[in-house]
Amino acid sequence: MVGAVLVHEGRILAEGWHHRPGTGHAEVQCLNAFGGGPLPTDATLYVNLEPCAHHGRTPPCADLLIARGVRHVVIAHEDPFPAVAGRGIARLRAAGVHVEVGVMANEARWMNRRFLTSVEQQRPYVVLKWARSVDGLLDQAGRRERAGTAISSAESNVLVHRWRSEEQAILVGGNTVLRDDPSLTVRHVIGRQPLRVVLDRSGVAPADSVVFMDGGMTLLFTDRYRSDVQVEQNIVARGDEVLPILLRELHKRDVRSLLVEGGARLHGAFLASSLWDEARIIEAPIALGSGTEAPAAHGILQSDIPVGADHIRTYVRSAELRRPVTATLSDPWC
């Protein structure tokens with residue numbers, strides 16, 4: 001997510017942002033909005049990510065800024081993408097442009113944490129999410145029907161569907177499919193549908209489960225090919241560590257973010273391997289008495305807010321991922 005603003009003497013002359021891959025970058029959109037006339041010599045262009053310096057889907061933005069006579073550029077942080085990685089800044093400076101780097105860098109990195117994780121760690125940004133009762137349980141013992149235990153409030157459920165629409169993929173384990181038969185779709189809000197991913201190495205997920213039968217896109221990770229389900233399958237040998245393989249495969253598919261909605265075992269595996277970035281825990285004011293114990297996120301508490309009758313606590317794995325206070329807009333997950 002990149003935006004650019006052209007400013008002169010405290011007044012915004014033009015602004016632009018990158019709408020989608022293959023279209024003009026933020027700097028292009030901004031200068032197009034300004035028009036073809038000469039720029040004020042003391043105008044400043046602000047952009048939250050380093051201008052590119054290579055020919056990709058579009059020409060280099062650094063060359064455009066030089067050609068249009070921009071003399072002062074303020075950049076939040078460098079672009080770690082290997083084809084850029086400081087080259088845009090170097091090209092601007094070599095052309096005599098005054099470049100400042102590091103203004104509101106933490107805020108900018110938080111906004112683009114999914115992209116940065118993908119480039120820097122070669123895996124999707126992983127968000128864990130689970131709902132727990134006030135007595136620390138994920139579900140109630142003794143269930144027989146294939147339906148999830150209702151724990152969170154209606155307000156929290158709407159928010160969870162918004163979270164689904166914000167991430168590119170959603171993951172559950174085979175036991176969750178067996179017990180709950182979830183659809184893993186976006187229904188309570190308007191938004192894109194994530195790629196559904198099922199990790200079922202033991203083959204316990206029934207073939208008539210919604211994720212296999214409704215015609216939606218599902219990717220199954222298993223240790224043997226299943227002829228009874230008509231979805232794309234990725235075979236992982238039983239002795240291999242599956243989470244790194246799963247994340248690597250999603251990264252190959254340009255999936256930059258993953259929402260994990262599985263059970264205690266799947267969440268525990270992500271937590272134990274430190275292959276996670278955020279954990280969002282919904283705690284409802286109900287007691288289940290007995291059932292599956294919820295995992296514990298040993299991270300840094302970032303927020304604790306009421307939603308309906310619930311409380312939602314968000315943790316980040318490390319201080320480097322912490323959302324800056326100044327990045328808090330009207331929404332704690334922005």
Side-chain angles (χ1 to χ4, degrees), residues 1-122 125 166 168 251 254-257 320-321 323-329 334:
M1 294 184 286
V2 186
V5 180
L6 185 67
V7 176
H8 180 242
E9 296 181 349
R11 185 169 66 92
I12 293 176
L13 302 182
E15 59 187 5
W17 60 94
H18 188 206
H19 294 258
R20 64 186 64 85
T23 62
H25 289 182
E27 302 92 329
V28 175
Q29 302 286 356
C30 181
L31 294 177
N32 285 347
F34 176 80
L39 304 180
T41 56
D42 53 348
T44 300
L45 186 131
Y46 295 84
V47 62
N48 62 291
L49 187 67
E50 177 184 5
C52 64
H54 68 293
H55 284 271
R57 291 183 173 127
T58 59
C61 291
D63 291 353
L64 173 66
L65 298 182
I66 294 167
R68 289 296 304 272
V70 177
R71 307 308 304 161
H72 185 193
V73 178
V74 177
I75 302 167
H77 63 82
E78 290 187 6
D79 186 343
F81 187 67
V84 187
R87 293 179 178 86
I89 293 170
R91 186 171 297 184
L92 290 171
R93 285 174 171 162
V97 178
H98 177 56
V99 180
E100 295 181 62
V101 183
V103 176
M104 297 186 74
N106 291 338
E107 289 82 354
R109 288 187 63 86
W110 172 259
M111 184 176 69
N112 273 323
R113 60 198 183 277
R114 295 166 179 84
F115 164 73
L116 295 172
T117 299
S118 176
V119 173
E120 295 172 349
Q121 300 189 42
Q122 301 291 290
Y125 186 87
E166 292 171 344
Q168 286 182 270
H251 179 73
D254 291 328
V255 173
R256 298 197 189 278
S257 63
E320 293 179 0
L321 295 170
R323 170 174 41 81
V325 173
T326 50
T328 307
L329 304 179
C334 67

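Note that the coordinates shown come from a computational prediction; the quantities given were computed from them, not determined experimentally.
- Side-chain contact of His251 with Gln121: a donor-acceptor pair under 3.5 Å is absent, judged by distance alone.
- The side-chain heavy atoms of Arg87 and Pro60, taken from C-beta on, include no pair separated by under 4.5 Å.
- Between Arg68 and Phe34 there is a side-chain heavy-atom pair separated by less than 4.5 Å.
- Arg93 contributes a side-chain N or O that, together with a main-chain N or O of Val99, makes up a donor-acceptor pair within less than 3.5 Å.
- In this structure, CD1 in Ile66 is found 11.5 Å from SG in Cys61, a value given to the nearest 0.5 Å.
- The closest side-chain heavy-atom distance from Leu31 to Leu64 is below 4.5 Å.
- The residues Arg109 and Glu120 are annotated as salt-bridged, a charged nitrogen and a carboxylate oxygen being separated by less than 4.0 angstrom.
- Applying side-chain hydrogen bond (donor to acceptor under 3.5 Å, both in side chains) to Tyr125 and the options Arg256, Arg114, Arg113, Gln168 leaves one that passes, Arg113.
- Atom-to-atom distance recorded for His72:NE2 and His8:NE2 is 13.0 Å, nearest 0.5 angstrom.
- At least one side-chain heavy atom of Asn48 sits less than 4.5 Å from a side-chain heavy atom of Asn112.
- Summarising the geometry of Ala85 relative to Pro80, their closest heavy-atom pair is CB-O, 4.4 Å, with the distance given to 0.1 Å.
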- Begin from the C-alpha positions of Thr23 and His18 and carry the test side-chain contact (heavy atoms from CB on, under 4.5 Å) through to its verdict. CA-CA 7 Å; Thr23 62; His18 188 206; 3.5 Å; yes
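- The structure places CE of Met104 at 15.5 Å from CD1 of Ile75, a figure rounded to the nearest 0.5 Å.
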- Item | Residue pair Leu6, Leu39: steps toward the side-chain contact (heavy atoms from CB on, under 4.5 Å) verdict | CA-CA 10 Å; Leu6 185 67; Leu39 304 180; 3.9 Å; yes
- Item | Criterion side-chain contact (heavy atoms from CB on, under 4.5 Å) on Leu116 and His77, from CA distance to verdict | CA-CA 11 Å; Leu116 295 172; His77 63 82; 4.0 Å; yes
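- No side-chain donor-acceptor contact under 3.5 Å links Glu15 to the backbone of Ile12.
- Ala105 and Ala76 get closest at one heavy-atom pair: CB-O, 3.3 Å.
- Of all the heavy atoms in Cys30 and Ala4, the pair that sits closest is SG-O, 3.8 Å.
- Using a cutoff of 4.0 Å between basic side-chain nitrogens and carboxylate oxygens, Arg71 and Asp42 are not scored as salt-bridged.
- How far OG of Ser257 is from CZ of Phe115: 13.5 Å, rounded to the nearest 0.5 Å.
- Between Trp17 and Val2 the shortest side-chain heavy-atom distance does not fall below 4.5 Å.
- The shortest side-chain heavy-atom distance between Thr44 and Val74 falls under the 4.5 Å cut-off.
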- Item | From CA spacing to verdict: side-chain contact (heavy atoms from CB on, under 4.5 Å), Leu65, Leu45 | CA-CA 9 Å; Leu65 298 182; Leu45 186 131; 4.1 Å; yes
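- Note that CD of Glu27 is 10.0 Å distant from CD of Glu50, once rounded to the nearest 0.5 Å.
- No donor-acceptor pair under 3.5 Å is formed between the side chain of Asp79 and the backbone N or O of Val84.
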